[in-house]
Amino acid sequence: MKNRLFSFSYKTIQPENILFVFFFLAHLAVSNYKPYLVLVLAFWGVSLWLRRDLLAATWQTFVGALLFYKARYFVIPFQASFAAAQGLVANTPFVYYLAFADFLLLILCYLLIRWRFVLRKRASQKLPFKEATLLFGLLVLGAVTSFTSQFAGVSWFGFWRVLFYFLSFLVASEVLRDKKTLTTTINNLLLFVGFNSLLIVLQKLHGGPLGLLIEDFSTAAFGRFADESVSLYRPGGIYFEPNLSASLINLLLPIVFLKTLFTSKNFWRNGLLLFLMALALLFTASRANWIMAVLMTGAGYWLASHRLRLAVNSQQQRLLSWGGGILLVLQLPLVLVRLATLEPALTSSSGGLAFRLAQLKLAVSFMKQRLLGIGVDAFQYQILTDLHPAAYFYHFTAPHNIFLELGTSLGVLGLIILLVFLLKIFTRIKTLLMNSSLAKDQRLLVLGLSLGFASYWLSGLFYPWLFAPPLAELSWIILGMIYSRSQR
């Protein structure tokens with residue numbers, strides 16, 4: 001079987017991709033964590049039998065377990081009870097968990113260390129010194145703020161999540177240097193997003209959740225409706241939050257768009273997937289993600305045609321233009337209804353803009369009080385301590401801005417380090433895209449991945465995505481994919 005990089009077709013679907021299809025179909029009948037553990041172990045065992053590669057099999061199992069994270073946990077201490085953390089309710093039990101994917105990530109780290117330093121089977125790549133130093137600085141700040149935080153249990157768990165992101169990035173950048181593993185991983189992610197997009201479409205046509213075990217419990221119970229228009233049902237697929245599902249679609253939408261537009265192979269299959277993802281994105285009614293999709297696909301088209309100098313198939317371009325136009329016309333009533341609610345969202349005292357401005361005020365206040373941060377992901381807990389709950393509405397959530405999330409968690413210094421890190425990342429991506437020695441298909445892949453990574457941070461200006469599974473983890477894995485191409 002010839003293995004082409006960055007392709008989604010029956011010719012490049014690996015046996016592991018077929019196994020992955022059965023894995024997520026099995027979620028239709030599995031909800032309890034004990035049967036799910038058996039399912040994960042079976043997936044890992046069959047993957048190992050197919051690949052005869054322990055590292056690759058563990059990686060694919062890790063990605064699969066990461067995507068389906070609901071109610072699949074071992075028991076590990078973590079103070080998660082909001083009331084108990086604040087001491088508002090006496091004898092409130094704590095909730096403790098650590099996801100299966102976390103254990104698989106630790107196994108991956110062990111395998112990489114052992115194979116590099118004991119068996120010497122792999123020549124481990126080196127993370128650029130500046131990026132490594134910045135990541136280490138964020139971890140040091142996370143440890144310091146967790147030691148000093150009023151909410152140490154919550155903060156240490158948040159610290160683990162940050163460490164999890166960095167480890168996911170480092171492991172991905174090493175494991176995905178293997179072309180076959182990279183292709184299999186991308187196909188699995190495309191299959192997952194395509195499956196979730198199909199579920200979103202079916203939920204919308206059904207007028208509500210389908211009642212499947214794979215759906216989030218809250219979604220399966222009553223669905224999700226727009227705040228400004230209570231009659232507008234917003235499906236999210238397996239997730240309760242449609243904005244999260246929309247952001248997941250945008251992570252991979254640029255890849256599928258560029259593949260469909262700039263390559264002639266498998267046009268109809270890629271076009272069908274692109275149409276399904278675009279339709280699902282419209283049905284989520286996520287205005288910020290609509291804007292991100294337009295910006296990222298537009299930027300991708302301009303960069304690929306003008307900077308990478310890739311030729312566009314005129315016939316495919318016409319077909320895509322007609323298909324996009326027809327889709328927009330058919331869904332124009334939904335778009336108009338959603339855009340019409342922008343005015344109350346921007347002007348109402350209880351609208352989204354007022355809500356976010358109030359959170360901005362609170363976040364700046366917290367950052368002034370604690371220059372090193374109040375604790376990792378502790379914003380919503382700090383509110384009850386410093387302010388009367390009636391003083392601000394809707395504040396019992398993380399800040400609806402990813403940079404405010406990090407600023408309140410790690411302080412002003414942590415926010416500065418993050419911004420410098422992102423600047424280094426995109427500078428490196430620019431250098432990689434301009435590298436003429438890199439094959440065009442790989443430069444196109446890097447461009448699509450980079451736009452998906454950028455959409456995560458830009459949509460994070462409106463949503464609390466810093467600790468949102470599995471979106472946050474996948475964004476760091478995508479960054480690892482980009483770095484894996486630079487180390488070839």
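A quick note: this is a predicted structure, and the numbers were derived from the prediction, not measured.
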Checking S450 side chain against V446 main chain: does a donor-acceptor pair fall under 3.5 Å? yes
When you compare the side chains of T181 and R51, does any donor N or O come within less than 3.5 Å of an acceptor on the partner? yes
Side chains of Q60 and T184: donor-acceptor distance under 3.5 Å anywhere?
no
Distance col, row L138:CG vs L163:CG, nearest 0.5 angstrom, shows 11.5 Å
| said: Please report whether the ring centroid of F24 lies less than 6.0 Å from that of F192. | reply: no
Next item on the list: Step through it carefully: locate the ring centre of W160, locate the ring centre of F157, and say whether they are under 6.0 Å apart.
Entry: no
Counting distance only, does the side-chain N/O of N401 pair as donor-acceptor with the main-chain N or O of F462 below 3.5 Å?
no
Notebook entry, point to check: Are the side chain of T408 and the backbone N or O of F379 linked by a donor-acceptor pair below 3.5 Å?
Noted result: no
dist L39:CG -> T61:OG1 (nearest 0.5 Å) comes out at 10.0 Å
### Message
Determine whether the aromatic ring centres of residues Y456 and W465 are separated by less than 6.0 angstrom.
### Response
no
Review point. Under 3.5 Å, is there a donor-acceptor pair linking the side chains of S475 and Y165?
Key: no
- In terms of side-chain heavy atoms, does S247 have a donor or acceptor partner in N289 at a distance below 3.5 Å? yes
According to the interplanar angle, ranging from 0 to 90°, do the rings of W457 and W476 count as parallel (below 30°), tilted (30 to 60°) or perpendicular (above 60°)? perpendicular
Exercise. Name the orientation class of the two ring planes belonging to F164 and F62 (parallel below 30°, tilted from 30 to 60°, perpendicular beyond 60°).
Key: tilted
Open item on the list: Treating R234 as the side-chain partner and T284 as the backbone partner, does any N or O pair qualify as donor plus acceptor under 3.5 Å?
Closed with: yes
Is it true that D53 and K180 have a side-chain N and a carboxylate O under 4.0 angstrom from each other? no
Is there a donor-acceptor contact under 3.5 Å from the side chain of S484 to the main chain of M481? yes
field: Within-4.5 Å side-chain heavy-atom neighbours: S245 and N196
entry: yes
For the residue pair F257 and L451, establish whether any side-chain heavy-atom pair is separated by less than 4.5 Å. no
- Side chains of S146 and S155: is there a donor and an acceptor less than 3.5 Å apart? yes
Under 3.5 Å: donor-acceptor pair, side chain of E405, backbone of L466
yes
* F169-Y483 aromatic ring centre distance below 6.0 Å -> yes
